[in-house]
Amino acid sequence: AGAHPALAQGKVRYVGDHVAVVIAETLAQAKDAAEAITVDYDVLPAVVETAKAAGAGTVVHDVAPDNTVFNWHLGNQADVEAAFARAAHVTTLDIVNNRLVPNPIEPRAAVGEYDEAEEAFTLYTTSQNPHVARLVLSAFIGIAPENKLRVVAPDVGGGFGSKIFIYAEETVCVWAAKKVGRPVKWTSDRTEAFLCDAHGRDHVTHAELAMDEGGKILALKVHTIANLGAYLSTFSSSVPTYLYAPLLSGQYNIPAIYCEVDGVYTNTAPVDAYRGAGRPEATFVIERLVEVAARELNQDPAKFRRKNYVKSFPHQTPVIMMYDGGDYSASLDKALEIADHKGFPRRRRESARNGKLRGIGFSSYIEACGIAPSQAVGSLGAGVGLWESAEVRVNPTGSIEVLTGSHSHGQGHETTFAQLVSDRLGVPIESVTIVHGDTDKVQFGMGTYGSRSGAVGMSAIAKAIDKVVAKGRKVAAYALEAGEDDIEFKDGRFSVAGTDKSLAFGEVALQAYVAHKFSGAQLEPGLKEGAFYDPTNFTFPAGMHICELEIDPDTGVVTIERFTAVDDFGNVINPMIVEGQVHGGIAQGVGQALFEGALYDSDGQLVTASFMDYRMPRAADLPSFEVGMTVTPCPSNPLGIKGCGEAGAIAAPAAVMNALTDALGHENIAMPATPLAVWRAAQGSPHLRPEAAE
């Protein structure tokens with residue numbers, strides 16, 4: 001792959017590539033100095049279009065003369081071709097998954113410091129995984145040994161994936177602090193964020209679905225060109241491959257699947273993981289295909305899905321994943337009920353009488369998250385496992401500090417993690433503190449992305465709590481002069497079975513530090529336990545989202561009238577936080593479907609580089625979401641929980657576009673379906689003919 005230096009060497013490959021560093025006392029001085037720099041550019045032709053990047057004639061990196069980074073495939077091609085040969089019906093679709101800009105509420109920022117006496121660096125940065133940032137900066141970039149580099153990720157202001165990666169600015173800040181002997185601060189402005197932060201999605205796909213006479217799915221074949229931008233970013237090679245193709249089976253029992261992915265370089269910002277990372281792209285392919293197939297076969301889209309759902313578990317798909325549990329029909333039933341699906345024809349007639357087009361769209365999504373079993377990523381060639389760490393420190397007074405390698409940047413871990421500890425140890429939630437985001441305080445952890453904090457991070461905490469309780473029983477046995485086997489722990493008290501002798505959790509904590517009580521016993525003082533948790537499988541949250549919308553054909557304006565989301569996240573610790581995550585994800589998914597899209601002109605200039613040109617969803621664009629849950633506990637982790645952070649962004653785009661095409665009566669529209677695009681599509685709508693209102 002082409003190297004990506006922190007500052008460009010001899011050739012810049014996209015607008016936003018880093019060229020020089022200016023260090024000054026004030027921002028105004030720095031901007032003036034930057035203006036004074038002259039760069040002598042020879043302008044080269046730009047490669048911008050995803051579909052035409054391979055063999056474009058203009059080369060982004062010399063190591064990839066045809067701009068192709070990889071040709072990757074998964075599945076059994078012979079099985080798929082045989083199934084297509086005997087199919088009674090084939091549905092074909094060309095799909096574009098539009099490029100998105102992550103736009104967290106706060107852009108990235110970094111402060112680098114160097115301590116000459118200690119020969120040690122500190123980097124304060126807005127990162128989703130401070131330990132990984134430290135590992136990359138020390139092992140790969142060579143700024144300092146790990147024990148001489150502290151990375152602190154304080155309040156981050158949102159990330160959505162864009163703050164996983166190691167960027168040029170953080171690297172330069174750390175280096176520059178030693179160079180000038182002063183702390184160096186860098187803050188991105190919004191346009192820099194548009195230009196330089198890793199973008200998301202950007203796939204061009206051709207997909208085909210084969211069915212028998214009754215509409216049973218026989219096989220799926222998919223060919224995707226994935227735009228990776230001008231350089232490979234941290235996870236960019238895994239997002240359109242192993243986070244994408246293994247999810248193409250969706251919730252369906254598809255006997256044969258074959259997927260080819262071509263990763264290409266272009267003169268655009270690097271593309272990497274953005275909320276859902278590969279799973280939204282896969283869901284969009286299969287859910288648009290299934291919807292169109294049902295229409296072509298004149299079958300009800302809900303019944304068509306139900307007929308093809310996976311019904312028994314565990315289920316081995318033909319593309320790696322082993323689904324461990326679920327009940328897809330239960331989510332469908334509940335969603336149909338909440339959405340008042342029965343009343344839809346009446347509402348559609350009402351809209352028609354008012355000159356409006358009304359549509360309904362389904363999206364049965366599944367995701368593999370709780371990333372990831374080390375064995376799984378190891379088999380794919382990853383150099384590190386994706387477990388998580390936790391340490392539970394009980395103070396002599398009974399208060400508790402939990403050190404977690406998960407990173408909270410808006411997900412509410414401080415609440416949910418403390419709830420778990422409070423519940424398991426029977427202590428007030430106020431006496432629990434969650435510590436994260438500082439590599440000097442917390443042992444190595446893998447951070448937060450891929451909806452992993454609950455399933456992986458909390459499972460590590462649960463394991464550490466188990467060890468604390470086990471040690472507490474030993475301490476209580478000595479303090480209460482009883483056998484360890486006779487000690488029971490319940491509701492925050494250690495008691496001797498069958499007696500009224502007991503001690504509260506806080507009393508046992510104090511006893512643990514009163515070491516003379518244990519004289520002659522093989523018991524270490526103190527009460528502090530750590531654990532590492534490595535999942536045995538991904539978790540597979542799944543659900544049914546239903547979007548009902550109305551189009552004004554005169555203006556192309558789309559109004560989402562109702563949005564129903566029924567999700568199966570396994571056991572839920574804090575329903576309010578989970579609902580908040582679902583709401584946020586749906587908003588981002590609706591944004592992709594109707595408004596957002598990063599566009600470059602043919603010279604490689606980003607023409608959507610501000611909120612004036614890149615339309616974000618606003619509160620007025622969204623209805624009040626109707627959220628429901630079904631529960632099948634996850635069998636592969638001790639808490640039975642599945643991830644919830646990405647679900648809305650994975651399910652929503654297909655639900656919206658299926659509703660939109662249902663309203664229009666044809667498939668000829670792509671994301672983002674802006675008012676202009678919708679107005680054009682509505683002019684050709686069969687539903688606008690007079691007889692349609694009858």
Side-chain angles (χ1 to χ4, degrees), residues 388-404 406 412-436 442 453-455 457-533 570-577 631 633-634 637-641:
E388 196 46 86
S389 69
E391 195 177 315
V392 176
R393 295 180 185 167
V394 183
N395 298 316
T397 55
S399 64
I400 296 164
E401 289 157 35
V402 177
L403 285 74
T404 170
S406 295
H413 298 169
E414 295 84 353
T415 306
T416 44
F417 288 14
Q419 275 181 277
L420 173 69
V421 177
S422 164
D423 183 60
R424 292 285 296 274
L425 295 180
V427 298
I429 199 162
E430 300 75 44
S431 62
V432 181
T433 302
I434 307 296
V435 181
H436 67 90
V442 181
S453 300
M458 285 177 85
S459 291
I461 294 170
K463 281 183 70 175
I465 291 171
D466 290 343
K467 293 182 184 178
V468 165
V469 171
K471 174 83 180 278
R473 287 178 63 209
K474 287 190 167 103
V475 173
Y478 277 94
L480 295 168
E481 298 177 331
E484 191 189 323
D485 293 345
D486 294 331
I487 300 293
E488 293 173 343
F489 179 65
K490 193 173 175 229
D491 300 332
R493 291 196 82 79
F494 291 91
S495 52
V496 182
T499 74
D500 57 358
K501 293 204 308 185
S502 72
L503 290 170
F505 180 82
E507 294 172 300
V508 170
L510 181 60
Q511 293 295 324
Y513 290 92
V514 185
H516 63 79
K517 294 271 170 85
F518 310 142
S519 55
Q522 297 297 308
L523 196 58
E524 286 182 15
L527 195 52
K528 178 187 91 165
E529 297 291 342
F532 285 76
Y533 176 71
N571 296 331
V572 170
I573 307 279
N574 186 314
M576 188 173 82
I577 281 179
V631 178
C634 173
N637 66 57
L639 300 173
I641 57 183

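Atom set for the values below is all heavy atoms of this structure, side chains included, hydrogens, waters and symmetry mates excluded.
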To the closest 0.5 Å, what do you measure between [atom1] ([X]) and [atom2] ([Y])?
| X | Y | atom1 | atom2 | value |
| --- | --- | --- | --- | --- |
| Ile434 | Thr404 | CD1 | OG1 | 7.5 Å |
| Leu527 | Lys467 | CG | NZ | 13.0 Å |
| Leu510 | Asn395 | CG | CG | 11.5 Å |
| Glu388 | Ser406 | CD | OG | 4.0 Å |
| Glu484 | Arg473 | CD | CZ | 5.5 Å |
| Glu430 | Ser422 | CD | OG | 8.0 Å |

Qualifying residues under side chain to side chain contact (heavy atoms under 4.5 Å, CB included), relative to Asp423, sequence neighbours excluded:
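Applying side chain to side chain contact (heavy atoms under 4.5 Å, CB included) to Asp423 gives none.
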Pro638: partners by side chain to side chain contact (heavy atoms under 4.5 Å, CB included), with sequence neighbours left out:
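Per chain and number, Pro638 pairs via side chain to side chain contact (heavy atoms under 4.5 Å, CB included) with Ser459, Tyr533.
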Would you name the heavy atoms of Val421 and Val427 that are closest together and state the gap between them?
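Shortest heavy-atom contact: O-CG2, 4.4 Å.
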Looking only at non-hydrogen atoms, find the nearest pair between Ala464 and Ala390 and report the distance.
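For Ala464 versus Ala390, the nearest heavy atoms are CB-O, 4.5 Å.
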Using atom types as modelled, flag every donor-acceptor pair under 3.5 Å from a side chain in residues 497-506 to any protein atom, sequence neighbours excluded.
| residue | atom | partner | partner atom | Å |
| --- | --- | --- | --- | --- |
| Thr499 | OG1 | Val496 | O | 2.9 |
| Thr499 | OG1 | Lys501 | N | 3.1 |
| Lys501 | NZ | Leu480 | O | 3.0 |
| Ser502 | OG | Arg493 | NE | 3.0 |
| Ser502 | OG | Arg493 | NH2 | 3.2 |

Please evaluate residues Leu523 and Lys471 with respect to the criterion side chain to side chain contact (heavy atoms under 4.5 Å, CB included), reporting the C-alpha separation (whole Å), side-chain torsions for both, the decisive distance (0.1 Å), and the verdict.
CA-CA 9 Å; Leu523 196 58; Lys471 174 83 180 278; 4.0 Å; yes
Please table the atom pairs, donor to acceptor, closer than 3.5 Å between any side-chain atom in residues 413-420 and protein atoms at least two apart or in another chain.
| residue | atom | partner | partner atom | Å |
| --- | --- | --- | --- | --- |
| His413 | NE2 | Ser453 | OG | 3.2 |
| Glu414 | OE1 | Ser408 | OG | 3.1 |
| Glu414 | OE2 | His436 | NE2 | 3.3 |
| Thr416 | OG1 | Gly412 | O | 3.2 |
| Gln419 | OE1 | Asn574 | ND2 | 2.8 |

Arg393: what forms a side chain to side chain donor-acceptor pair (under 3.5 Å) with it, not counting sequence neighbours?
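Counting only residues at least two positions away or on another chain, Arg393 forms a side chain to side chain donor-acceptor pair (under 3.5 Å) with Glu391.
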Run the salt bridge (Lys or Arg N to Asp or Glu O under 4.0 Å) test against Asp466 and tell me which residues pass, sequence neighbours left out.
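Asp466 satisfies salt bridge (Lys or Arg N to Asp or Glu O under 4.0 Å) with Arg424 once adjacent residues are dropped.
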Can Asn571 and Leu639 be said to form a side chain to side chain contact (heavy atoms under 4.5 Å, CB included), step by step?
CA-CA 7 Å; Asn571 296 331; Leu639 300 173; 6.0 Å; no
